[in-house]
Amino acid sequence: MSKIDVVADGAIIAAHWREENHIPPPSRFVGQAYLTDAAVFERFAEENFPECFREYADLLDWKQYWHTTLDSSRPPFFKWFVGGKLNACQNCVDRHLGRHRNKTAFYFVPEQEGEPIVALTYQQLYRRVNEVAAMLRDFCGLKRGDRITLHLPMTLELPITMLACARLGVIHSQVFSGFSASACAHRIVDSASRVLITMDAYHRGGKLIDHGKKAAPTVAEAAKEGVEVEKVLFWRRYPGQCRSEAPILKQRDFFVDEVLAEYRGKEVKPEIMDANDTLFLMYTSGTTGKPKAAQHSTGGYLAYVAGTSKYIEDIHPQDVYWCMADVGWITGHSYIVYGPLALAATSVIYEGVPTFPDAGRLWRIAEELGVNIFHTSPTAIRALRRAGPDTPAKYNHRFKHMTTVGEPIEPEAWRWYWEMVGKREAVIVDTWWQTETGGHLCATVPGIHPMKPGSAGPGVPGIYPVIFDENGSQIPRGSPVAGNICIRNPWPGRMLTIWGDDARFVRTYYSRYCKPDSTDWRDWPYFAGDGALQASDGYIRILGRIDDVINVAGHRLGTKELEAACLTVPEVAEAAVVAVPDEIKGAMPDVYVSLQPGVSADDGVSRNIAAAIIDQIGPIARPRFIWLVPDLPKTRSGKIMRRVLTAISTGRDPGDVTTLANPEVVEELRALVAEKVTGVG
Ligand code: WT7
């Protein structure tokens, strides 16, 4: 076999997207928005950097005000608000008791529609957080700087436990509940956690999942790798009754509701933390290598998520805000828990899947609670469109603001979100950022900028993006070629480092374009690892991870562009494109497509997809095969696993697929592809 490079080797990617038109934000939104004056960009301009971020930090309550806004003397280990002291839990809970004691902090919506929605006030949150903090301190012996691993589903107990940790200065590391025992064990080992907090069961997709049974194998595997978990605490979905078949080990395993009885009414003083002390760890897999933990700070992180929750999410005191991510991801940490709570907002936590029991579920919840800010991902938008393209019209929910985050959104999906979900009344904000960045990097400021389907928008206030080519030269605005997007400046939300691996931190995010001997922050742009291009209006369009680029006969094509072309065919619900080696061209795209419900897979659809790709991108992008499939393999967070599809297309072993949301489709696709490639072809 010839050695063929299908992986990105340079920065230049040709771009073929059609330029979309600007759509002005609805006037109903602008009339009430926090930011409507473009002067904010002067306040946050480079001349005023880093002092501009004082505005975000001043949203917080500091026990001691800082003396240095940014210490950049040891790049890239930047320190924000140096000398400042505060507690994140006190900022998210205690300080609201004066004015907002009886306000709902969280609505918890159980997946079972018959179970009542729980409204937890700030006062109740305060009580529960204090009791849990007392238990963690006195029963578990945890103190500031210790790590603890949480493996909790989408219930109130998750933010309560996080905030209790923050109160003590204990570093929480929440592992997404859909992850396996061994994934959880690796994270316990990497962070050296002595305590694991989990839950017996939760509802998902109409089933009561036995989550508790993952705990014993988790602890066993961590022990094999050298870390002894001393205590496992089980929250119970229904206090008093255990819904897990997990064996309970005396001395090690405890039910939280039983232990808490001893801590009723206990109060715990919030630990006074330094601004640059660690608040939490969040693991992210990256494309290769072992998962790494983004280590986020207390002061900079909280200031940044509070500021962006206010200005980009536009959360006002009277709003009901619903971010339908899982708290187990960074989106949930920043924009369900810490950001909204720092602003004393009302935030919704939904236990289950968006389409259970039907495609109208979300809109019923939104109607009932009066949700007016809705925040989700392109994957969820596509799934909702697929499950019920006309369903939102049947409900009277009324959004003022809708966010999308997580991957590039195709203009087709964007328009459905805008017209059907938002009823042309809600502004759409496409927010580009990463686990590592803590909060938004590029997005429109919704009361100022017009929207542009498929584009994230310019840098948010205080973020100066730049696109570099392979040699570190800046690719100008309006250029038809894409490159590597970087952020020129430090910002308060960025992680402190990778937990336990400073060298990997520097290598991954800085080595590409930094001047290693310089101590000037201007010589240390943050390398995000995404391909992007900037239109002449300054809007950034993200093409996806640089590793997802396909090089066909020397033309570098962004997989996302091909996928967007597929979505212009009305029958298409979702598309994924992967590269397969080709003797002549180096690589060719294989296209996997799932269709809208009720559409039958026939040659006409395939022909239209091929025509759309050739029309919108060019004959160079002509696919090798177009596979019409029932479903695409996805992670639990909804990201399409192109790695698995590549393995299927190239006849290789897809490896471990047990962490997928739908592992069963892998075999199905494999059979389909194998038959065609080796058979009729
Ligand atoms: C990667 C980061 C941001 C929190 C959730 C995901 C992609 C994220 C967008 C967007 C285009 C996006 C990028 C990024 N991404 N948001 N609005 N448009 N692409 O966090 O798991 O750390 O993933 O998601 O490729 O690098 P994450």
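Residue numbers count from 1 along this sequence. Numbering of ligands and ligand atoms starts at 1, following listing order.
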Practice problem: With sequence neighbours excluded, tell me which residues meet salt bridge (charged side-chain N to carboxylate O under 4.0 Å, His left out) with D537. | Solution: K452

Quiz item: So among Y304, Y301, Y338, which one has a ring-ring contact (aromatic ring centres under 6.0 Å, His included) with H296?
Solution: Y301

Quiz item: Is there a donor-acceptor contact under 3.5 Å from the side chain of T431 to the main chain of T404?
Solution: yes

Self-check item: Check: F527 main-chain N/O paired with N484 side-chain donor or acceptor under 3.5 Å
Solution: no

Practice problem: Classify the side-chain pair Y526/Q434 by whether it contains a donor and acceptor separated by less than 3.5 Å. | Solution: yes

Quiz item: Between the side chains of E20 and S455, does any donor sit under 3.5 Å from an acceptor?
Solution: no

Under a 3.5 Å threshold, I'd like every N/O contact between ligand 1 and protein atoms, with atom names and distance.
residue: ligand 1; atom: 15 (N); partner: G406; partner atom: O; Å: 3.1
residue: ligand 1; atom: 16 (N); partner: G406; partner atom: N; Å: 3.0
residue: ligand 1; atom: 17 (N); partner: D430; partner atom: OD1; Å: 2.7
residue: ligand 1; atom: 17 (N); partner: T431; partner atom: O; Å: 2.8
residue: ligand 1; atom: 18 (N); partner: E407; partner atom: O; Å: 3.3
residue: ligand 1; atom: 19 (N); partner: P408; partner atom: N; Å: 3.3
residue: ligand 1; atom: 21 (O); partner: K639; partner atom: NZ; Å: 3.3
residue: ligand 1; atom: 22 (O); partner: T435; partner atom: N; Å: 2.8
residue: ligand 1; atom: 22 (O); partner: T435; partner atom: OG1; Å: 2.6
residue: ligand 1; atom: 23 (O); partner: K639; partner atom: NZ; Å: 3.4
residue: ligand 1; atom: 24 (O); partner: G406; partner atom: O; Å: 3.1
residue: ligand 1; atom: 25 (O); partner: D530; partner atom: OD1; Å: 2.8
residue: ligand 1; atom: 25 (O); partner: D530; partner atom: OD2; Å: 3.1
residue: ligand 1; atom: 26 (O); partner: Q434; partner atom: NE2; Å: 2.9
residue: ligand 1; atom: 26 (O); partner: D530; partner atom: OD1; Å: 3.2
residue: ligand 1; atom: 26 (O); partner: D530; partner atom: OD2; Å: 2.7
residue: ligand 1; atom: 26 (O); partner: R545; partner atom: NH1; Å: 2.9

